[in-house]
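Every chain is numbered from 1, with letters handed out A, B, ... down the list of sequences.
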Amino acid sequence: MWSDTILIVFISVCTAFLGEGLTWVMVYRTEKYQKLKTEVEKQSKKLERRKEIHGDSLDKAVKKKIERDEEKLKNNNRDLSLVKMKTMFATGFAFTALLSMFNSIFDGRVVAQLPFTPISWIQGLSHRNLSGDDYTDCSFIFLYILCTMSIRQNIQKLLGFAPSRAASKQGVGLFGPAPGQFK
Amino acid sequence: MSTKTSTIERNGHSAKTSTLREICARAITKSEWEDKEEFLDVIYWSRQVFGIFLGVIWGIVPLKGFLGLVLFAGISCGIVYLYAINFQNVDEDAYGGVWELIKEGFMTSFAGFLVTWIIFYTGLHYDAIMAAKGS
């Protein structure tokens with residue numbers, strides 16, 4: 001049973017590198033993306049420092065300054081997400097097709113035995129396309145997703161493509177920062 | 001692979017670069033961590049390695065069931081807490097509270113732990129598992 005599991009890890013590593021490679025070629029190395037990323041990092045750190053120093057202050061001027069910084073950051077986050085979005089759609093489409101192919105190859109095949117019984121709402125994923133009701137049988141998609149969660153994140157961090165902690169905390173994304181940031 | 005952190009010294013205008021070896025040396029001894037990101041990176045990467053290590057051990061023993069999951073979470077968080085607060089003696093407020101330290105890299109290491117646990121459990125005990133299911 002080693003062969004199936006090792007193969008899935010290998011597929012996950014390859015797809016992670018392929019995905020990051022494509023994204024680097026089409027997004028990360030572009031001047032616009034790099035400029036926006038630097039701006040977001042700078043603003044996130046500035047905003048974090050300001051909140052640390054003045055977070056509990058009731059001064060209206062300080063509050064207004066922080067709100068202005070948040071608004072600027074929100075706009076830059078949105079622009080950053082838009083730059084990535086088109087490429088993400090294209091690579092997402094390509095990888096969905098790739099995943100469908102692997103799914104059909106491993107269809108109905110038990111690739112591993114789980115050392116625990118997953119909770120009910122995960123069983124739909126861990127036992128996908130498998131016959132019988134032994135929920136310790138593991139499907140391809142479940143193991144692949146776990147591998148990808150671990151491998152892709154680490155590859156992004158290793159290669160320096162992951163957003164900084166300050167940027168993540170301020171809620172990097174298309175839909176703006178998380179609400180209730182300012183206490 | 002080398003992890004580099006640059007700190008520009010004002011006096012000499014020279015860049016001080018912490019190499020991977022220096023960071024590892026500082027990580028295993030009680031040190032001052034001026035760069036918070038560096039310390040959080042140490043926690044993150046050690047956690048990934050530790051998650052895989054625990055996954056291998058759990059798979060070899062084998063440890064099964066919800067107990068394995070809970071033990072992993074408890075040991076992983078406990079060790080990070082003891083390392084950061086007791087051993088390195090960092091100021092938790094400087095990092096936004098002890099929770100920020102404890103959750104650093106947890107989900108990714110949990111995923112890595114599950115993968116290694118599943119792979120080693122299946123690979124080493126497959127015959128016994130099938131025999132138990134058959135009976």
| message | Are there over 12 heavy-atom neighbours, none belonging to Phe95(A), within less than 6.0 Å of that residue's CZ? | response | yes
| query | Does the gap between the ring centers of Trp58(B) and Phe116(A) come in under 6.0 Å? | reply | no
| request: Mind checking the CD1-CD spacing from Ile151(A) to Gln48(B)? Nearest 0.5 Å is all I need. | output: 11.5 Å
Side-chain donor-acceptor contacts of residues 10-26 of chain A below 3.5 Å, not counting sequence neighbours, with atom names and distances?
| unit_1 | atom_1 | unit_2 | atom_2 | d |
| --- | --- | --- | --- | --- |
| Ser12(A) | OG | Thr148(A) | N | 3.3 |
| Ser12(A) | OG | Thr148(A) | OG1 | 3.3 |
| Thr15(A) | OG1 | Ile11(A) | O | 2.9 |
| Thr15(A) | OG1 | Ser12(A) | O | 3.0 |
| Thr15(A) | OG1 | Tyr144(A) | OH | 3.1 |
| Glu20(A) | OE1 | Tyr28(A) | OH | 3.4 |
| Glu20(A) | OE2 | Arg152(A) | NE | 3.4 |
| Glu20(A) | OE2 | Gln156(A) | NE2 | 3.1 |
| Thr23(A) | OG1 | Gly19(A) | O | 2.6 |

| request: Could you state whether Met107(B) and Val115(B) fall into the same hydrophobic cluster, counting links through intermediate Ile, Leu, Val, Met, Phe, Trp or Tyr residues with side-chain heavy atoms under 4.5 angstrom apart? | output: yes
| Looking at OG1 of Thr117(A) and NZ of Lys64(B), how far apart are the two atoms once the value is rounded to the nearest 0.5 Å? | 10.0 Å
| request: Can you measure from CD1 (Ile119(B)) to SG (Cys138(A)) and round to the nearest 0.5 angstrom? | output: 10.0 Å
| said: For Leu146(A) versus Ala111(B), what's the shortest heavy-atom pair and its separation? | reply: O-CB, 3.7 Å
| query | Among Leu114(A), Ile119(A), Leu143(A), who wins on heavy-atom pairs under 4.5 Å with chain B? | reply | Leu114(A)
| query | Does NZ in Lys64(A) sit with more than 12 non-hydrogen atoms of other residues, nucleotides or ligands closer than 6.0 Å? | reply | no
| Leu69(B)-Ile57(B) co-clustered via ILVMFWY side chain contacts under 4.5 Å | yes
| query | Once you round to the nearest 0.5 Å, how far does CG of Asp41(B) lie from NZ of Lys157(A)? | reply | 5.0 Å
| remark: When the 4.5 angstrom heavy-atom criterion is applied to Asn154(A) and chain B, the contacting part is both
| If you group Ile, Leu, Val, Met, Phe, Trp and Tyr by side-chain heavy-atom gaps below 4.5 Å, do Phe142(A) and Leu130(A) land in one group? | no
| said: For a 4.5 angstrom cut-off between non-hydrogen side-chain atoms, does Lys133(B) reach Thr136(A)? | reply: yes
| message | Please check if the number of heavy atoms outside Trp99(B) that lie under 6.0 Å from its CH2 is greater than 12. | response | no
| said: Checking Met149(A) against Leu114(B) for the side-chain contact (heavy atoms from CB on, under 4.5 Å) test, could you report, in this order, the C-alpha distance in whole Å, the side-chain angles of both residues, the deciding distance, and whether it holds? | reply: CA-CA 11 Å; Met149(A) 273 173 67; Leu114(B) 283 177; over 6 Å; no
| said: Counting only heavy atoms from other residues, nucleotides and ligands, does the tally under 6.0 Å from CZ of Phe53(B) exceed 12? | reply: no
| field | Options Thr116(B), Leu124(B), Leu67(B), Leu63(B), ranked by heavy-atom pairs under 4.5 Å with chain A, top entry | value | Leu124(B)
| query | With a 4.5 angstrom heavy-atom cut-off, which part of Glu104(B) approaches chain A: side chain, backbone, both or neither? | reply | side chain
| field | Proximal component of Ile129(B), with respect to chain A [non-hydrogen, under 4.5 Å] | value | side chain
| field | Cluster link Phe93(A) to Met101(A), ILVMFWY, side chain under 4.5 Å | value | no
| Connected via hydrophobic side-chain network under 4.5 Å: Ile122(A) and Phe140(A) | yes
| request: Just do the side-chain contact (heavy atoms from CB on, under 4.5 Å) check on Gln113(A) and His125(B) with the steps written out, would you? | output: CA-CA 9 Å; Gln113(A) 295 295 316; His125(B) 304 285; over 6 Å; no
| note | Interface check, chain A: of Phe110(B), Tyr121(B), Phe120(B), most non-hydrogen pairs under 4.5 Å belong to Tyr121(B)
